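As the structure is a computational prediction, the values presented were derived from the model and not from experiment.
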Amino acid sequence: MLPSTGAGYADNQTSVMWSGPTNALKTTGNVSFQTARNIQLINNVFSHLGGSAIDFGGGAHANVVIGNQNEDVSACGITLGEVTDYATSDTNQMTDANVIQDNYIRSNRHGIRGRGRDLGGLCAQYAHSPQ
């Protein structure tokens, strides 16, 4: 991970960092899905993790994240979408119709606000019609 290298965490915006002068990268997720459809994460506990706890990247459709507890994570509690989705015209690659509700996201000394001051509990990037 770049934050552990000499490059550090070069902040771009919430959960996005710079790798070189023009390459934006999303913070990695511990539980990560790409082009996922109809996955349900309900009533789980995610704690003591580096990076984001849950990540649904580009092309995520109709996934459900309800009632989870995220504590002591180094980046966002839940990340939805991809940094490059703004340029996508393929509807299969767009992040669409996902449900995120009633999740408990808590920061503490090493958590969401502890390392990256730009990180939030929920980071949605170019997501269409989230609920």
- Measuring from Asn30:CG to Leu49:CG, what's the distance to the nearest 0.5 Å? 4.0 Å
- Query: Side chains of Thr91 and Gln93: do they bring a donor and an acceptor to under 3.5 Å?
  - Reply: no
- Is any side-chain heavy atom of Arg106 closer than 4.5 Å to a side-chain heavy atom of Gln69? no
- Item | Heavy-atom pair with the smallest gap, counting every atom of Asn92 and Arg37 | OD1-NH2, 4.4 Å
- Nearest 0.5 Å please: distance from the CG atom of Leu80 over to the CG atom of Asp55. 8.5 Å
- Note on the structure: Closest heavy-atom pair, Thr95 versus Gly59, reported as atoms and distance to 0.1 Å, is OG1-N, 3.5 Å
- Ile105 vs Phe46 side-chain heavy atoms within contact, under 4.5 Å: no
- Message: Could you check whether any side-chain heavy atom of Asn68 comes within less than 4.5 Å of a side-chain heavy atom of Asn43, counting everything from C-beta outward?
- Response: no
- Would you give the length of the straight line joining atom SG of Cys76 to atom CD1 of Ile54, rounded to the nearest 0.5 angstrom? 11.5 Å
- Do we see a donor-acceptor contact under 3.5 Å between the side chains of His61 and Asp96? no
- Atom OG of Ser52 and atom NZ of Lys26: how far apart are they, to the nearest 0.5 Å? 8.0 Å
- Verify the cluster assignment for Ile78 and Ile39: are they in a single hydrophobic cluster under the rule of side-chain heavy atoms below 4.5 Å apart? yes
- Do the non-hydrogen side-chain atoms of Asn103 and Asn70 ever get within less than 4.5 Å of each other? no
- Query: Roughly how far, to the nearest 0.5 Å, is CZ of Phe56 from CD of Gln34?
  - Reply: 10.0 Å
- Item | Approximate separation, where rounding is to 0.5 Å, of Asn63 CG and Asn98 CG | 5.0 Å
- Test log, rule side chain to side chain contact (heavy atoms under 4.5 Å, CB included), inputs Leu41 and Val64: CA-CA 6 Å; Leu41 295 176; Val64 175; over 6 Å; no
